**Q** 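One structure coming up, written as structure tokens, with questions to follow.
Here the structure is a predicted model, which means the values were calculated and not measured.
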There are 2 protein chains.
Amino acid sequence: MSHTDPPPGRRRGAARPQAAGAEGGRASARSSGSVTLDDVARLAGVSPITVSRVLNRPELVTADTIEVVREAIARTGYVPNLLAGGLASRRSRLVAALVPTISHSIFAEAIEALTDRLGEAGYQVLLGLSGYPAAREDDLLAAILSRRPDGILLTGINHSPETRRRLLAAKIPVVETWDLTPTPIDLLIGFSHEKVGRAVADHLVGKGYRRFGLVGASDERALKRRKGFVAALAAHGITEVESSSVPAPGSLRQGREALARILDGGFRPDAVFCSSDAMAHGVLTEAQARGLSVPGDLAVLGFGNLDFSAHTHPALSTVGIDRQAIGRHAAEAMLARIEGETVAEPVIDVGFTLIERAST
Amino acid sequence: MSHTDPPPGRRRGAARPQAAGAEGGRASARSSGSVTLDDVARLAGVSPITVSRVLNRPELVTADTIEVVREAIARTGYVPNLLAGGLASRRSRLVAALVPTISHSIFAEAIEALTDRLGEAGYQVLLGLSGYPAAREDDLLAAILSRRPDGILLTGINHSPETRRRLLAAKIPVVETWDLTPTPIDLLIGFSHEKVGRAVADHLVGKGYRRFGLVGASDERALKRRKGFVAALAAHGITEVESSSVPAPGSLRQGREALARILDGGFRPDAVFCSSDAMAHGVLTEAQARGLSVPGDLAVLGFGNLDFSAHTHPALSTVGIDRQAIGRHAAEAMLARIEGETVAEPVIDVGFTLIERAST
DNA sequence: CGGCGTCATGATAGCGCTGTCAGCAGAAAT
DNA sequence: ATTTCTGCTGACAGCGCTATCATGACGCCG
């Protein structure tokens, strides 16, 4: 049923221009009234499947037909329905990304890179905000899997057993990001936070600093950096480390307050390592407010190399992460997996760079 | 076809526990093999539509039945398919949001508030990043409308005729945000940027400042603020305004550089109004680097009241916008419209607050 | 000139779900 | 006892698209 006329003389001649939904048609009560593939097909004088091919696999259709169909699409103002398409083809062309927050730009940029790359390939990104202790991750994941994404990106490597189970059951590519682990669910793109901590400690000790402050957010990755930092200091025989924890993700304000707490507690560090550049900026600010000179009285080192970090006064030493590379690699790996190609590098260590500026 | 056994004794007894996809079944070549509503229904001994109701309109089903069905769902690990559901019900439970960027937290927070509120109502947010001169808005919109969102949020009020046409044709609620206009497409939630500019000018003039610098990003809303600012200054008889434009969105770095340009150009303002707090922070930083005292030598005023603004040194005077209110109101208005309720206030002016801190 | 492969297009049959209306208890009304 | 109503459940028929296989036209070969 539904399309009544068998294409007569072959295209062009068959096309009786007609407004969509005009005709003697009985628009079934449930129909949305909007233009469908069938409407376009009828106007173009071809079968619906041909219209579908023009849109999705034009290499299978002759140039003439493509032109006729394109014109019919333009005339009707047809907008494909990806819900229907996805249902039929079992490819939603949707990729989900779960991040704790986008308000702090460390994740935002990776997401933007991911979105850009996937957009080029015709995919869209469905964003899930899990909040900081990833409390909602489970429910969120359930909601997201209902959309049948073709792939999913997660932040971090610690997921509840329930989450792992669901991901495995979904049988789609999974990319974990921002950390490394010997037991990834599937794909993995990150770097070693513990090594970051060690590298920072070695650097600071090498420059002669001996009394350390640590200003860290309480998220799992910051804790790993701390662990590496403390371990490396211990290896240098240094145990004098005063630390102050704040709730993730950590802001300039919290950096200021943390330094104030450390100083007011009587400890007088000569260097402070912060778990984010925003907090380091706060430490810088508090130091300045107290008339301490940086790095003379106090060295400060951050994490993230955000866009402002090179331009604070003094410029902030920090650890640079190629955030866009994380997003880009995630997109590439996911696309490859979706297309059924074998992924050359299922685990990518994007590394980090210790960036020495004026604050140390 | 498809479900073979008519529910015999009435529930419970009928449930023959069976792994999903076991049975003598001929899984049609196209089936995904994953658990469907029918599988759950068979296990629970009810019809598929009843399972659907348990999930979507449980108030229509008795407690007993709900329990049996819930158990079957748990046992099978059923994950609903919203592509199919959306196609059948013509409600995707998806809301699209188009913003220039999420890397700068001014939009990110509004999006988070939107996402939270909509999430409670069972909707998810599909994010579209249009980039700064909203170059991609048209294509992006086309891609997004293919998903049949139930509503859409736009940033700003200037859209191409093509965009307007498409939005109107989609027949879904549209919320424009971050600005006001007498001719909204549908719903509108924002505030007057020109009034912001005027209020800032009045404030600064009132405090005795007379020579003004203006550091502005070149996006349309920042230009409106500038216009209001300049107009109000003119009303006070002040025409000595030196301005410096930077590409949107504007960063700390650009703030520093802009102040440097103004100062090196020989103009010596006693107050600078910046189009974002990030840039104002940069101006603050450059002033400090040059040994200028703020506000003694130079007053600085930003825009946005971001989380760091109260904690810079000196604390930054700025214009506060209730960003979460924008997201929340947008969500509420959209939900009301989707549910078919009449929207009490289709246009909401969330206003702004001039926040006076130490930098002026 | 018949056989066969290739290419463009079409017919059919779903993908997994929900709108709609019908049916059938049991309770309430007469 | 009969009627009417209410509340719960089910059968059916799609939603708009695409996977799959079939078909017909054409060119090429021996």
**Q** From CZ of Arg57(A) over to P of dT20(D), roughly how many Å is that when rounded to an integer?
**A** 11 Å
**Q** Measuring from atom CZ of Phe107(B) to atom CD1 of Ile102(B), what distance do you get when rounded to the nearest 0.5 angstrom?
**A** 12.0 Å
**Q** Just to confirm, is there a sub-4.0 Å distance from OP1 or OP2 of dT18(D) to any side-chain nitrogen or oxygen of Asn56(A)?
**A** yes
**Q** Any side-chain N or O of Thr50(A) less than 4.0 Å from the OP1 or OP2 oxygen of dT9(C)?
**A** no
**Q** What is the separation between atom CG on Leu60(A) and atom C1' on dT20(D), rounded to the nearest whole Å?
**A** 13 Å
**Q** Indicate yes or no for a side-chain donor-acceptor contact from Thr163(A) to the backbone of His159(A) under 3.5 Å, with no hydrogens or angles considered.
**A** no
**Q** From the options dG10(D), dG10(C), dC15(C), select the nucleotide whose nearest atom is closest to the side chain of Val46(B).
**A** dG10(D)
**Q** Under 3.5 Å, is there a donor on one side chain and an acceptor on the other for Asn81(B) and Ser146(A)?
**A** no
**Q** Tell me if the side-chain of Arg53(B) makes a donor-acceptor pair with the base of dG10(D), cut-off 3.5 Å, by modelled atom types.
**A** yes
**Q** Rounding to a whole Å, what distance do you find between Leu55(A):CG and dT18(D):P?
**A** 7 Å
**Q** Could you give the CD-to-P distance, from Glu67(A) to dT9(C), as a whole number of Å?
**A** 13 Å
**Q** Tell me: CZ of Arg147(B) to P of dC15(D), nearest whole Å?
**A** 22 Å
**Q** Please tell me if Thr62(B) has a side-chain N or O lying less than 4.0 Å from either OP1 or OP2 of dT9(D).
**A** yes
**Q** Check whether any side-chain nitrogen or oxygen of Arg90(A) sits under 4.0 Å from OP1 or OP2 of dG16(C), and answer yes or no.
**A** yes
**Q** Between Ile49(B) and Val79(A), which residue's closest nucleotide on DNA chain D lies nearer the 5′ terminus?
**A** Ile49(B)
**Q** Write down the distance between CZ (Arg148(A)) and C1' (dC15(C)), rounded to a whole number of angstrom.
**A** 11 Å
**Q** Counting only side-chain N and O atoms of Ser47(B), is one of them less than 4.0 Å from OP1 or OP2 of dG10(D)?
**A** yes
**Q** Quick one: is dC15(D) close enough that its OP1 or OP2 comes under 4.0 Å of any side-chain N or O from Ser89(B)?
**A** no
**Q** To the nearest angstrom, how far is Leu87(A) atom CG from dA13(C) atom P?
**A** 18 Å
**Q** First locate atom CG of Leu153(A), then atom OG1 of Thr177(A), and finally report the distance between them rounded to the nearest 0.5 Å.
**A** 4.5 Å
**Q** Closer than 3.5 angstrom, by distance alone: can the side chain of Thr50(A) be matched with the main-chain N or O of Val46(A) as a donor-acceptor pair?
**A** no
**Q** By nearest nucleotide on DNA chain C, pick out whichever of Glu59(A) and Leu83(B) is the more 5' one.
**A** Glu59(A)
**Q** Write down the distance between CG (Asn81(B)) and P (dC17(C)), rounded to a whole number of angstrom.
**A** 6 Å
